Engineer: 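Can you read through this structure? Questions will come right after.
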Amino acid sequence: MTTLTLAGLTKTYPGTDRPALDRLDLAIESGSLTSLLGPSGCGKTTTMKLIAGLLAPDAGEIVLNGRSIHGLVPERRGVAMVLQNPLLFPHLTVGGNIGFGLKMRGLSSTEIARQVDPMLARVHLDGMGHRPPTALSGGQQQRAALARALILKPKVLLLDEPLSNLDAGLREEMQTLIRTLQRETGITTLVVTHDQAEAVALSDRIALLFGGKLAQHGPPEDFYRRPASKAVARFFGGVNFVPGRSQAGTFQSVLGPLALSKGLADGDHLLTVRPEALRLSPGPNARRARVDAVAFLGTQTRIDLSVAGVNLQALKAPDEAATLRPGMEIDISLPPDALWLLPSGDH
Amino acid sequence: MTTLTLAGLTKTYPGTDRPALDRLDLAIESGSLTSLLGPSGCGKTTTMKLIAGLLAPDAGEIVLNGRSIHGLVPERRGVAMVLQNPLLFPHLTVGGNIGFGLKMRGLSSTEIARQVDPMLARVHLDGMGHRPPTALSGGQQQRAALARALILKPKVLLLDEPLSNLDAGLREEMQTLIRTLQRETGITTLVVTHDQAEAVALSDRIALLFGGKLAQHGPPEDFYRRPASKAVARFFGGVNFVPGRSQAGTFQSVLGPLALSKGLADGDHLLTVRPEALRLSPGPNARRARVDAVAFLGTQTRIDLSVAGVNLQALKAPDEAATLRPGMEIDISLPPDALWLLPSGDH
Amino acid sequence: MHADRLKSLAATALAVGLILPFLPLEIWSVAHGWRFPDLLPRETSTKAWTYAFSSTAGVLESFALTTFIALTTTLLAALVGVPAGRALGLYRFRGKGLVTLLLLAPAILPGLAMVFGLHSIFLRLGLNGTVSGVILAHLVPVLPYMTLVMAAVFANFDPAFEDQARSLGASPFQTFRHVTLPAISPGLLTGALFSFLVSWSQYLLTLAIGGGRVQTLPLLLFSFAASGRNDVTGAIALLYIVPGLVIVLVTAHQVSGRGAALTGGLRP
Amino acid sequence: MHADRLKSLAATALAVGLILPFLPLEIWSVAHGWRFPDLLPRETSTKAWTYAFSSTAGVLESFALTTFIALTTTLLAALVGVPAGRALGLYRFRGKGLVTLLLLAPAILPGLAMVFGLHSIFLRLGLNGTVSGVILAHLVPVLPYMTLVMAAVFANFDPAFEDQARSLGASPFQTFRHVTLPAISPGLLTGALFSFLVSWSQYLLTLAIGGGRVQTLPLLLFSFAASGRNDVTGAIALLYIVPGLVIVLVTAHQVSGRGAALTGGLRP
């Protein structure tokens, strides 16, 4: 098991005036699968390359099991990174690719073969060791690239957008494989992704980066139920925001007083409620709402509502929304435990 | 208003043995927005290019307002196609690009300017007419490409993957813009896409192609509630399939007798139920189920269930699934109006 | 490697390499009695320049003839090279590698060897000693070059632009005029400049096919050089490198002005 | 345009264009008395070949010397051209367009003009008339060429492969040996073959710098041609085009065998 701690990590690329990574502090749990999530240019891949040693930081420390790896060349860090494209070496066979790192360590070819064969099986490439990489499908190439890193038994495994070049079907398959192998090996793993749904489905914990800074770090549910800011909430599909003031468990706004769950702070805040948590039935915090639009989205239906002049959006199972038509007046409710308060300054 | 009918359209590319398009019959409703949906290689773009006249069919007819356009060169068809990449001509300004087609028609530069300015406004590019295309963002380029076709007031507008190069946020914006402009102009529009969610959100009707053949044609809801085959159901995220036999409104299978809604045919069938329509509460067609796994997916939670040895999947709002844990035994129900029968031969 | 350090180093090295070889020419052309081991000539004179521009030397006629031959060769090469390069650059077909290789053959096979063959063929066609014959001979190295440059240009050209133009109501001619030509023109210009210079600097081919009756500048230069008249040779040599220098300067100006755009076109 | 029809047309035209110019050489080399307007010589003889391979003619020594100069030039060009081309192909930096342009200068500026300058510089350095001087002079056209070819090769090389190798435990040397070198070797081979041929076929530079004391094959060929001995000239010319033909044949074999892979490497 390996703990990985980033402390004050900063990197500005030559010729740019804004740092790509700005004093990032992040403690990765040993043996966990953590997603580095964020829009393009947020510093995700820069963080990966700093950990792998492919870039040098301007400031800050990278500590592996309590020991700084600042001065170590990439090949001595015990960190294996799988870059975004499969990047299988075209002049080697699939087996040759998977055994590449072992060969660099000077292992004999029989020893390499002894380790490559079971690794091929683990990524479902049995019997494909002698093929050229071009004979593999996109998903198979991605799996071979994963095997090429895993065979080295690294202390930390870094995966840069491992699903970005795959179709929807293959994506799910690869997700399951990464999850399974990570649980079996217990290797502390960091996955870079820009896709919020992918991060949620794949990881134990998510570190969300905005503009080179850590926006939030925690388990996936937190980003829906307890977002740290409006920007975080929006990145995860939050759409309902109402400014107002909370006091003694009640939120005062144009929507009238709303009961809050316990433990929320008093003061000026932005109220948010997830569109899928808003209820289309009477209950606590009930309100009268007008239906403005109903859009069938497949497995869910989006309902645009007006409540006391405020536009709210709900996301419901199609069955539940089947009878709704624009112009109808309906009862909705905002369950207290679905309400969350954001800093009000953060518009 | 323009009706567009494809009759027996067939195209085989030289050097391939399987036709890219195989006797396609399709009647596009006048003034509708229809999505041509399917996996890559299904013949979507081929169909577009045949309609635009950029390819010649091996057999079949393309009929526009009752008149075959078979022999017409592309520039005489009254069909404007927006190819997949924005493909703005790099040596012209944004305004020059949008006025390109009018210039080809020999209009004076003052007349062109008179038409280009309002068109820039309609696609939210006000004041950007004098910029080079490279100064535009990806979304702006996509909008300029759309304007360049719309300004010609074509009888039929063809859009090839208009959202494929855009980020999630821009995608929604562009979707809304296409929808709005299409409704305002009433131009019969065909949109090629490989993304089922995009087709559902965007179009009046969907034509789903598999391997050069029409798999199903109808409104988006049909593909969820009344899929024509198991392949169609799977393409739209269907996962629950149970073989059995229907007779007099009852389906007999390993799940025991299940009541069906009216109008379903007797005989051997594959029963399907949408994961979002399966209920996690007692009701008609109630069954006892074991929870195998619960996966939080963000706005929905996926629940893997075992019912009488059959694996079923449910997709529910996170709140509804909050108390479920693997190993629990719960009551579920399969509402008769959520059950649909597929041809049994189609595994 | 530090890109900036590399840049300065390379630029300096190349500037020195580019200018140094031509320095003696300038000195020669105004020198009067310049002998080894003097670093600079003892006296200077404009005699050589006066002679070079006089009607008796034939330098100006030769300059005009060389220009005419190079321009005609370039035009013919463009007329054939653009469609051929388009086919080669845009389409995949069996034997494409072989065709590319054969186009490279005039570059691979020493021109000297080809001179003898061309001479004996042109002799039978009655083309030896004519300007037409010289132009045809120049096309042997120029045409494959132009075709390969245009193939590289078209390989970077997305023919979907043409489909897009057709679908916006442009006829095939309008499409070529308003879409294809603007896209290929930087590459076409580069190819034309190089073609001009390849023709301009032909020595052996012109000598062999022209048989002394087609007196282009390189031939004149060589005959003055052989006669040992260093001052006139220097003057003619400077005239001779004028198009090359003009092209280098004009292109350098465009490169520094427009950045990478033209570099893409220039990289063959 | 129909790709297949184009292909046949182009292949035929080029095959004819490639073979025809050399046909007279073969005939000459075995001809005994071949005079205009005869289409073929009246008698044949192997006299010329016997003479060419005799020790008195110096043809074989010249062949060896030409090979040595071309090989050394190529090796030196590769040692400098690979790192320079890597920097030029992989990195963006200010003035990159200018550097590329300066590298193209030896192709743009007529070599004839440069000969005079190089000669007077090498004179002062005591390099004229030496094999080293000839090799250095050959590097003037060869090195920029090799650098540009390697720049094109590296422009198509994804340096992420090197990062990936490092991250899998390879040292910088292992990364070059096991990842970079295999990736660039087809392009490097192409560049080396062309460099060899450019050096092999230098005439003017060798003549000017070697001053008649470095007698390479093209010089020998020209002197026999000037002396009017068509039969020996034909024999030497055939020897002279051997490397070019070998390279065309070997490459053609690889092209037809491996398809587009090598073509990418060949297209400069």
Side-chain angles (χ1 to χ4, degrees), chain A residues 13-15 45 48-55 72-93 96-107 112 132-134 141 144-161 190, chain D residues 82 86-99 150 152-192 254-255 257-267:
Chain A
Y13 287 102
T45 300
M48 290 286 230
K49 289 193 169 175
L50 290 172
I51 300 171
L54 301 175
L55 282 177
L72 291 180
V73 292
E75 61 266 31
R76 298 251 171 270
R77 295 193 170 201
V79 172
M81 177 166 174
V82 177
L83 276 77
Q84 182 163 2
N85 299 313
L87 290 175
L88 297 179
F89 304 126
H91 59 289
L92 298 177
T93 60
N97 265 282
I98 295 178
F100 179 84
L102 300 178
K103 191 173 167 194
M104 295 303 109
R105 288 183 185 168
L107 266 66
I112 293 173
T134 47
Q141 290 189 24
L146 182 63
R148 184 169 61 169
L150 271 178
I151 203 171
L152 299 172
K153 301 193 181 71
K155 291 181 204 147
V156 174
L157 178 64
L158 307 174
L159 307 176
D160 193 357
E161 298 273 8
L190 265 172
Chain D
V82 169
R86 184 191 155 87
L88 205 61
L90 284 185
Y91 305 114
R92 289 161 183 270
F93 50 87
R94 263 165 50 86
K96 179 167 169 175
L98 203 65
V99 171
M150 291 321 293
V153 168
F154 274 107
N156 288 322
F157 173 72
D158 186 350
F161 276 111
E162 295 176 346
D163 278 353
Q164 182 61 78
R166 292 301 298 282
S167 187
L168 293 167
S171 68
F173 174 76
Q174 283 179 318
T175 301
F176 180 77
R177 164 79 187 74
H178 293 287
V179 174
T180 315
L181 194 59
I184 64 169
S185 59
L188 181 57
L189 186 68
T190 307
Q254 290 196 318
V255 166
R258 283 197 284 153
L262 199 66
T263 324
L266 267 177
R267 191 181 295 155

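Remember, predicted model here, so these are calculated numbers, not experimental data. Computed from heavy atoms alone, side chains included, the values below leave out hydrogens, waters and symmetry copies. Convention: sequence-line order gives letters A, B, ...; per-chain numbering from 1.
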Engineer: Using heavy-atom distances under 4.5 Å, tell me whether A/Phe100 contacts chain D through its side chain, its backbone, both, or neither.
Structural biologist: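 For A/Phe100, side-chain heavy atoms alone lie under 4.5 Å from chain D.
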Engineer: Taking all non-hydrogen atoms of both residues, which atom of A/His91 and which atom of D/His178 are closest, and how far apart?
Structural biologist: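 Answer, listing the atom of A/His91 first, then D/His178: NE2-O, 2.8 Å.
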Engineer: Could you tell me which non-hydrogen atom of A/Leu87 sits nearest to which non-hydrogen atom of D/Gln164, and how far apart they are?
Structural biologist: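 For A/Leu87 versus D/Gln164, the nearest heavy atoms are CD1-CB, 4.2 Å.
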Engineer: Check whether A/Arg148 gets within reach of chain D through its side chain, its backbone, both or neither, counting any heavy atom under 4.5 Å.
Structural biologist: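 For A/Arg148, backbone and side chain are both near chain D.
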Engineer: Under 4.5 Å between any side-chain heavy atoms of A/Val73 and D/Arg166, yes or no?
Structural biologist: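 Yes - at least one pair of side-chain heavy atoms lies under 4.5 Å apart.
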Engineer: Rounded to the nearest 0.5 Å, what separates atom CG in A/Asn85 from atom CG in D/Asp158?
Structural biologist: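 A/Asn85 atom CG to D/Asp158 atom CG measures 7.0 Å (nearest 0.5 Å).
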Engineer: Non-hydrogen atoms of chain D under 4.5 Å away: do they reach the side chain of A/Leu158, the backbone, both or neither?
Structural biologist: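 Interface part for A/Leu158: neither.
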Engineer: Among D/Gly169, D/Ala170, D/Ala165, single out the residue with the greatest number of heavy-atom pairs under 4.5 Å to chain A.
Structural biologist: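 With the most close heavy-atom pairs to chain A, the winner is D/Ala170.
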Engineer: Checking heavy atoms, do the side chain of A/Leu152, its backbone, both or neither come under 4.5 Å from chain D?
Structural biologist: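 Contact with chain D is through the side chain of A/Leu152 alone.
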Engineer: Rounded at 0.5 Å granularity, tell me how far CG in D/Leu168 sits from CG in A/Leu102.
Structural biologist: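 Rounded to the nearest 0.5 Å, the CG-CG separation comes to 10.0 Å.
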Engineer: Please look at A/Leu83 and chain D and tell me whether the side chain, the backbone, both or neither of the residue comes under 4.5 angstrom of a heavy atom of that chain.
Structural biologist: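 The answer is both parts of A/Leu83.
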Engineer: Do you know the tightest heavy-atom contact between A/Glu75 and D/Ser171?
Structural biologist: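 Result for this residue pair: OE2-CA, 3.3 Å.
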Engineer: Is D/Ala183 close to chain A through its backbone or its side chain, or both, or neither, when contacts mean heavy atoms under 4.5 Å?
Structural biologist: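 D/Ala183 has no heavy atom closer than 4.5 Å to chain A.
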